[in-house]
Amino acid sequence: MRNIFSIYSMADTAVILYHPAVGRYSLSEGGAGRITIARSGDLSSHTVTPDGTVVINRLCSRHGTVTVEIPQNSAADLFMRRWISYMESRVKGADYAAATLTVRDAACEHTYILTGVTPQKWPDITYDRTAGNVVYTLLAASVSEQ
C-alpha cells in the first residue's frame, strides 16, 4: 500500500553552530524553536540588449541569511551571546568568518551546511510578563544543500 502522507518533526532536526575559538553547540538541544534559512543570492539574471536579445547571466550566488528563534535565557541563548561577544571584541582576521552552521533534518533527509557564518547584529531585547523568544539573524557566505 502506498503512503499518502509525509513526515515532519522539529524534534528530528539537529542544528549545530561551530566556531573553532568558541566551540560547538547544538542549538536544537538548547531550545531553538524555529530556524529559517533564506537564500539571498540570485542564481541568474537576464539582460536585454538594445536589439531585444536576452542574455542569460549565470550568477550562482550562494550567500544567505539564517534566523534562529531561541527561548530567552535558555542555554542556546547564552551560547549565542557568548559567540557574538567573542565576534565583536576579540576575533581577528579570517577567524571572523570561521563559523559554520549545520542543519540536519532527519525526517525529510535534508542537510544544509552554511559556512562563513557571522552575526548580523545583536538580537532585539523584549521584556514581558512571560518569557519569549530571542531572534538571532546570521549571515552566511555560502548555503549548500547536501
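In this text, all values refer to a predicted model and were calculated from it rather than measured experimentally. Index from 1, following the sequence.
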Could you tell me which non-hydrogen atom of [X] sits nearest to which non-hydrogen atom of [Y], and how far apart they are?
| X | Y | value |
| --- | --- | --- |
| Ser61 | Gly41 | OG-CA, 3.5 Å |
| Val117 | Trp83 | O-CZ2, 3.8 Å |
| Leu27 | Ala76 | CD2-CB, 4.0 Å |
| Ile84 | Pro123 | CD1-CD, 4.5 Å |
| Val135 | Thr67 | CG1-CB, 4.3 Å |
| Ala14 | Ser28 | CA-OG, 3.4 Å |

Who are the side chain to side chain contact (heavy atoms under 4.5 Å, CB included) partners of [X], not counting sequence neighbours?
| X | result |
| --- | --- |
| Ala141 | none |
| Ser85 | Trp122 |
| Ala98 | His19, Pro20, Asp95 |

| Those residues that, when tested against Tyr96, pass side chain to side chain donor-acceptor pair (under 3.5 Å) (two or more places apart) |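 Residues passing side chain to side chain donor-acceptor pair (under 3.5 Å) with Tyr96: none at all.
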
Atom pairs and distances, side-chain donor-acceptor, residues 51-60, under 3.5 Å, sequence neighbours left out:
from  : atom 1 : to    : atom 2 : distance (Å)
Asp51 : OD1    : Thr49 : OG1    : 2.4
Asp51 : OD1    : Thr53 : N      : 3.1
Asp51 : OD1    : Thr53 : OG1    : 2.8
Asp51 : OD2    : Thr53 : OG1    : 3.4
Asn57 : ND2    : Ser45 : O      : 3.4
Asn57 : ND2    : Ser45 : OG     : 3.2
Asn57 : ND2    : Thr47 : OG1    : 2.8

Worksheet entry | Pairwise salt bridge (charged side-chain N to carboxylate O under 4.0 Å, His left out) hits with a residue in residues 40-49, at least two apart |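 Every pair satisfying salt bridge (charged side-chain N to carboxylate O under 4.0 Å, His left out) with a residue in residues 40-49: there are none.
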
Qualifying side-chain hydrogen bond (donor to acceptor under 3.5 Å, both in side chains) pairs, either residue in residues 137-146, two or more places apart: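 For residues 137-146, and leaving out neighbouring residues, the side-chain hydrogen bond (donor to acceptor under 3.5 Å, both in side chains) pairs sorted by first residue read His110-Glu145.
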
According to a 4.5 Å side-chain heavy-atom criterion applied to Ile, Leu, Val, Met, Phe, Trp and Tyr, with indirect links allowed, do Ile37 and Leu138 form part of one hydrophobic cluster?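 Shared cluster, yes.
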
Cluster link Val68 to Tyr86, ILVMFWY, side chain under 4.5 Å
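Yes; Tyr86 is reachable from Val68 via cluster members.
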
With distance as the sole test, does Arg104 use its side chain to make a donor-acceptor pair with the main-chain N or O of Thr13 at under 3.5 Å?
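Not confirmed, Arg104 side chain does not pair with Thr13 backbone.
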
In chain order, what residues pass the salt bridge (Lys or Arg N to Asp or Glu O under 4.0 Å) check against Arg81, with sequence neighbours excluded?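 Expected list: Asp77.
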
More than 12 foreign heavy atoms under 6.0 Å from CZ of Arg39: is that the case here?
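Check passes, neighbour count above 12.
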
Side chains of residues 124-134: which donor-acceptor pairs under 3.5 Å do they make with residues two or more places apart or in other chains?
from   : atom 1 : to     : atom 2 : distance (Å)
Asp124 : OD1    : Lys121 : NZ     : 2.8

**Message:** Show me the pairs that pass ring pair (Phe, Tyr, Trp, His ring centres under 6.0 Å) and involve residues 22-65, at least two apart or across chains.
**Reply:**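 Qualifying pairs, neighbours excluded: Tyr25-Phe79.
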
